[in-house]
Amino acid sequence: MKEPLQAHGAREWRYWIAILAVAMPVQMSVTASPFINGMAMDTRHAGSEAIGLIRSCEILLNASLMIWLSARLLRFAPKALALAGLTAFIAGNLICGVTGDLTGLAAGRLLAGAGAGAMVASLGAFVGRLSSPHRAAALIAIPVTGGAVLTALLASAAAEAKSSLGLFGFLAAGGGLGALLMAAAPGGFFHAGHAPPFTSMLRALRSPFVIACATIFMGSTAVWHFFQRIGLSHGLDNAAIGTLTVQVSLACAVLAPMAALVRDTWVRWTFIGSLIGFGAGSTFIPVAPDAQAYAAGYLVQSASFTFYTLFVAAVAARLDRTGGIAAAGNGWQALGGAISPAIGGVLISGGAFWPLGVFCALASLATVTLGFIGTKDLAPAGGGKKN
């Protein structure tokens, strides 16, 4: 089944539902990540290096699958790919919830990571069908943020109670809801006769945009995976960190719909601005002198990340409507972040967090430079002059 390039009228809402179905459980997992790490260190009695290595392997598998799929997306129906990913995501989180050792945790996180990779790869194909990706993403961000808020509340409570089953069971339930929503997604193939932008994993790195995606999370992921530990060093407890996460998530939920007001000709500069803010906020968190500064850095990071996630999808869709560049960008982005938990674990093993800030600043500078170059000839939605 082939579809026209643009999604029209009554069919567009089905793409919105499909995007929500995969974006929500992925965002829930990202929100819970620092609490997963902290809980694992407490309940599995493992050090930061061991947990960092497990999470790096999870992200590495996630990234490799997305990059592999990016050159092969035209061979798969996005709906079938998303459902396969959701199934693996649910199973992986259930394994993590019912096992009590590091081996079970590692197996579950690897399976969940592979599932998330397939889900995000399908996401690029769905977003590529939208007539105005950033406006649709701004509205979809509201329920996605709602899921993140619930996750933050439960994750902090589960971490305090050391309840692995509660946390991972909730994440599995989020995947189950996504599978139910996916029933409304259009079936068939979306290629409409278009050729893929590249035919191998490495050729995607010819794009500065893809390289920027590879570097953006290298530093920030190292910070985020130990965000909880940094907060504890400032005298906060798990409940206070969870409350902070909820408050910031709600603030971002208010900001997200504002992205719908951005004109098509402003997409490039909004994207670059989000890169600058995200890098600055991420860098400040590990070097913050007190809890108030730590919270301020987190607010800047999260607000910028909200706009980044909305506009990176719009940029990728304009560069390639098949979803190949989006999948490659997400894959190399995850691959760049895959080594970060392990690096972060090593950098904080001496007891200081400031080395994370230095590492994050360098990665952020490279990202902004590459993002500026990669979007220089970005065409506005609907064609016309490039901005």
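Computed from a predicted structure; not experimentally measured.
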Q) Can you list every salt bridge (Lys or Arg N to Asp or Glu O under 4.0 Å) pair that touches residues 232-255, not counting sequence neighbours? A) none
Q.
Are F284 and V300 packed together at the side-chain level, in the sense that at least one heavy-atom pair is separated by less than 4.5 angstrom?
A. no
Q: State which residues pass side-chain hydrogen bond (donor to acceptor under 3.5 Å, both in side chains) with S33; sequence neighbours excluded, sorted by chain then number.
A: R55, H225
Q.
Is it the case that the side chain of S233 and the backbone of I230 share a donor-acceptor pair, with hydrogens and angles ignored and the cut-off at 3.5 Å?
A. yes
Q) Which residues pass the side chain to side chain contact (heavy atoms under 4.5 Å, CB included) test with L150, sequence neighbours left out? A) F170
Q) Could you give the distance from CZ (R268) to OG1 (T375), rounded to the nearest 0.5 Å? A) 4.0 Å
Q | L69 vs L81 side-chain heavy atoms within contact, under 4.5 Å | A | yes
**Q.** Heavy-atom side-chain contact between T270 and F307 under 4.5 Å
**A.** yes
Q | For A214, all residues meeting side chain to side chain contact (heavy atoms under 4.5 Å, CB included), sequence neighbours excluded | A | W332
Q.
Using the side-chain hydrogen bond (donor to acceptor under 3.5 Å, both in side chains) criterion, which residues pair with S122? Sequence neighbours excluded.
A. none
Can I get a per-line list of side-chain donor-acceptor pairs under 3.5 Å for residues 88-105, giving both atom names and the distance, sequence neighbours left out?
residue : atom : partner : partner atom : Å
N93     : OD1  : R109    : NH1          : 2.9
N93     : ND2  : F89     : O            : 3.0
T99     : OG1  : I95     : O            : 2.8
D101    : OD1  : G104    : N            : 2.8

(Q) Holding to side chain to side chain contact (heavy atoms under 4.5 Å, CB included), I want the full list of residues that pass it with I19, two or more places apart in sequence or in another chain. (A) L123, F126, V127, L130, I140
Q | Over all atoms of both residues, closest heavy-atom pair of G371 and A212 | A | N-CB, 3.7 Å
Q | Check against ring-ring contact (aromatic ring centres under 6.0 Å, His included), F278 and F217 | A | CA-CA 10 Å; F278 183 65; F217 283 165; 5.6 Å; yes
Q. Which residues satisfy the ring pair (Phe, Tyr, Trp, His ring centres under 6.0 Å) test with Y298, sequence neighbours excluded?
A. W224, F227
Q. With sequence neighbours excluded, what pairs up with F35 under the ring pair (Phe, Tyr, Trp, His ring centres under 6.0 Å) test?
A. none
Q) By side chain to side chain contact (heavy atoms under 4.5 Å, CB included), which residues pair with L236, not counting sequence neighbours? A) A240, I241, A291, Y294
(Q) If we ignore hydrogens and angles and just use 3.5 Å, is the side chain of S302 paired with the main-chain N or O of L299 as donor and acceptor? (A) no
Q | Sequence neighbours excluded - side-chain hydrogen bond (donor to acceptor under 3.5 Å, both in side chains) pairs with any residue from residues 250-259 | A | none
Q: Starting at CZ of F271, measure out to CD1 of I276 and round the result to the nearest 0.5 Å.
A: 11.0 Å
Which pairs would a plain distance check flag for residues 357-367, meaning a side-chain donor or acceptor within less than 3.5 Å of a matching protein atom at least two apart in sequence or in another chain?
residue : atom : partner : partner atom : Å
S364    : OG   : C360    : O            : 2.8
T367    : OG1  : T215    : O            : 3.4
T367    : OG1  : T215    : OG1          : 2.7
T367    : OG1  : I216    : N            : 3.2
T367    : OG1  : A363    : O            : 2.9

(Q) To the closest 0.5 Å, what do you measure between CG (L65) and CE (M119)? (A) 12.0 Å
Q: Working to the nearest 0.5 Å, report the span between CG of L177 and CG of L20.
A: 7.5 Å
